[in-house]
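Report on one structure; see the data block that follows.
All values derive from a computational prediction rather than experimental measurement. Atoms within each ligand, like the ligands themselves, are counted from 1 in listed order. Reckoned from all heavy atoms, side chains included, excluding hydrogens, waters and symmetry mates.
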Amino acid sequence: MTDLIKIVIAGPRGRMGQEAVKLVEETENFQLVAVIDHKNNGRKLADIFPTTQSQVKVYTDIEDCFQNEQADVLIDLTTPETGYLHTKTALLHGVRPVVGTTGFTQDELTELKNLAEEKELGCIIAPNFAIGAILMMKFSQMAAKYFPDVEIMEMHHDQKLDAPSGTAVKTAEMIKENRLSHQQGHEDEKETIGGARGADYDGMRIHSVRLPGLVAHQQVLFGAEGQTLTIRHDSYNRASFMSGVKVSVETIMSLDTLVYGLEHILV
Ligand SMILES: NC(=O)c1ccc[n+]([C@@H]2O[C@H](COP(=O)([O-])OP(=O)(O)OC[C@H]3O[C@@H](n4cnc5c(N)ncnc54)[C@H](O)[C@@H]3O)[C@@H](O)[C@H]2O)c1
Ligand SMILES: O=C(O)C1=N[C@H](C(=O)O)CCC1
């Protein structure tokens with residue numbers, strides 16, 4: 001019999017949060033103990049969320065939540081600023097954060113890593129929970145050794161707040177580990193409309209597309225003499241991320257440091 005894991009979800013009314021509530025309710029050794037929303041303080045989750053019977057309490061103040069509820073894990077699926085504050089507060093209260101929220105700065109990631117180490121607590125920050133996306137990133141990292149010219153095109157729904165996506169940033173970071181650093185394109189190229197060549201990460205270009213109808217998609221294009229290679233992943237719904245959330249919650253209980261990217265825990 002596996003130990004019960006007590007969970008708080010931040011952002012339960014969001015697109016990802018709704019799926020996470022379902023996942024926790026459907027998983028035998030997971031128990032939802034509270035949710036954090038930016039409104040509805042003191043109400044029951046079932047009152048604000050028609051698809052659940054859950055009577056857990058809604059908190060608008062994360063400090064208040066952790067002072068009143070016994071929790072092992074926080075699942076954060078909110079916004080960049082809130083997600084960072086929630087992650088920090090959870091660690092300070094001895095609660096392990098599983099963070100899907102994207103858009104953290106490098107300084108924020110470093111600060112959270114140091115805090116997790118100081119507190120000897122597991123913390124998982126996963127720019128993408130979909131197994132196919134992890135494979136896309138790993139295959140791209142492998143390909144970059146042979147194809148140093150690469151452009152990343154990420155495509156998301158038009159309600160997304162951060163650009164480039166967390167997945168695109170992570171992909172570029174992983175590729176950088178295997179790619180000979182160099183500036184791509186013609187050395188004299190000029191943009192006649194600013195931004196035409198996308199964001200520049202170590203000479204690679206990242207292009208962000210935002211359109212209604214999309215969920216989360218990315219293709220990594222490699223070019224060499226007479227050939228191209230395209231590695232693509234598509235998430236068509238938010239359920240595609242939930243097996244990664246589940247494995248993160250299960251794994252985090254035995255971690256004592258911050259892990260950035262699911263590729264480090266999927267063996
Ligand atoms: N890692 C992954 O695999 C993955 C997958 C999808 C989305 N995401 C990321 O997850 C985050 C959420 O995405 P989404 O599509 O569900 O967004 P969403 O806008 O549908 O949901 C965000 C929720 O956060 C809530 N929120 C905002 N501020 C809050 C606060 N101060 N306190 C409590 N709740 C607050 C909002 O009310 C909303 O319900 C985004 O950062 C997105 O990039 C990550
Ligand atoms: O819907 C989003 O927002 C997503 N964000 C992640 C990212 O920034 O990479 C992952 C996929 C969905």
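Formation of a donor-acceptor pair under 3.5 Å by the Gln55 side chain with backbone atoms of Gln53 is found in this model. Under a 3.5 Å cut-off, the side chain of Asn178 and the backbone N or O of Gln141 do form a donor-acceptor pair. For the pair His93 (side chain) and Val95 (backbone), a donor-acceptor distance under 3.5 Å is absent.
Each of the following atoms of ligand 1 lies closer than 4.0 Å to a heavy atom of Lys160: 43 (O). Residue-ligand proximity, Thr78 to ligand 1, at heavy-atom distances under 4.0 Å covers atoms 11 (C), 12 (C), 22 (C), 24 (O), 34 (N), 35 (C), 40 (C), 41 (O). Atoms of ligand 1 found under 4.0 Å from any heavy atom of Ile36 (numbered from 1 in listed order, with element): 33 (C), 34 (N). Heavy-atom proximity to Arg13, at under 4.0 Å, picks out these atoms of ligand 1: 37 (O), 39 (O). Near Ala126, meaning under 4.0 Å from one of its heavy atoms, ligand 1 places the atoms 1 (N). Short contacts between ligand 1 and Asn128, defined as distances under 4.0 Å to a heavy atom of the residue, involve ligand atoms 1 (N), 2 (C), 3 (O). Set against the non-hydrogen atoms of Leu77, the atoms of ligand 1 under 4.0 Å away are 12 (C), 22 (C), 23 (C), 24 (O).
With hydrogens left out, the protein atom closest to atom 5 (C) of ligand 1 is Met16 CE, 3.4 Å, a heavy atom. In this structure, atom 38 (C) of ligand 1 lies nearest to the protein heavy atom Gly14 CA, 4.0 Å. In terms of protein heavy-atom proximity, atom 44 (C) of ligand 1 is nearest to Gly100 O, 3.0 Å. The single protein non-hydrogen atom nearest to atom 27 (C) of ligand 1 is His38 CD2, 3.7 Å, given as residue, atom name and distance. Atom 18 (P) of ligand 1 has Arg15 NH2, 3.6 Å as its closest protein atom, hydrogens excluded (heavy atom only). Nearest non-hydrogen protein atom to atom 3 (O) of ligand 1 is Phe129 N, 2.8 Å. Residue, atom and distance of the protein heavy atom nearest to atom 42 (C) of ligand 1 are Thr102 OG1, 3.8 Å.
Looking at Asp76 and Thr78, their side chains do bring a donor and an acceptor atom within 3.5 Å of each other. Of the N and O atoms on the side chains of Glu69 and Tyr59, at least one donor lies less than 3.5 Å from an acceptor on the other residue.
More than 12 heavy atoms of other residues, nucleotides or ligands sit less than 6.0 Å from atom CD of Gln227. Counting non-hydrogen atoms of neighbouring residues, nucleotides and ligands closer than 6.0 angstrom, the NZ atom of Lys57 exceeds 12 such neighbours. Few gaps surround CG on Leu211; more than 12 heavy atoms of other groups in view lie less than 6.0 Å from it.
Residues lining ligand 2 at a heavy-atom distance below 4.0 Å are given as Thr102, Pro127, Asn128, His156, His157, Lys160, Asp162, Ser165, Gly166, Thr167, Ala216, Phe241, ordered by chain and residue number.
The shell of residues lying under 4.0 angstrom from ligand 1, judged by heavy atoms, excludes Ala10.
Distances from atom 2 (C) of ligand 1 to the heavy atoms of Pro127, Ser248, Ala133 put Pro127 nearest.
Glu263 has a carboxylate O that lies under 4.0 Å from a charged side-chain N of Lys170, or vice versa, which qualifies the two as a salt bridge. Ion pair Glu19/Lys22 flagged as a salt bridge, since at least one NZ, NE, NH1 or NH2 atom sits closer than 4.0 Å to an Asp/Glu carboxylate oxygen. Salt bridge present: Glu151 and Arg197 bring a charged side-chain N and a carboxylate O closer than 4.0 Å. Between Arg43 and Asp37, no side-chain nitrogen of the basic residue sits less than 4.0 Å from a carboxylate oxygen of the acidic one, so the salt-bridge criterion is not met.
None of Arg205, Lys160, Arg210 except one satisfies the salt bridge (charged side-chain N to carboxylate O under 4.0 Å, His left out) rule with Glu154; the exception is Arg210.
A cation-pi contact, defined as under 6.0 Å to the ring centre and within 45° of the axis, is absent between Lys113 and Tyr260.
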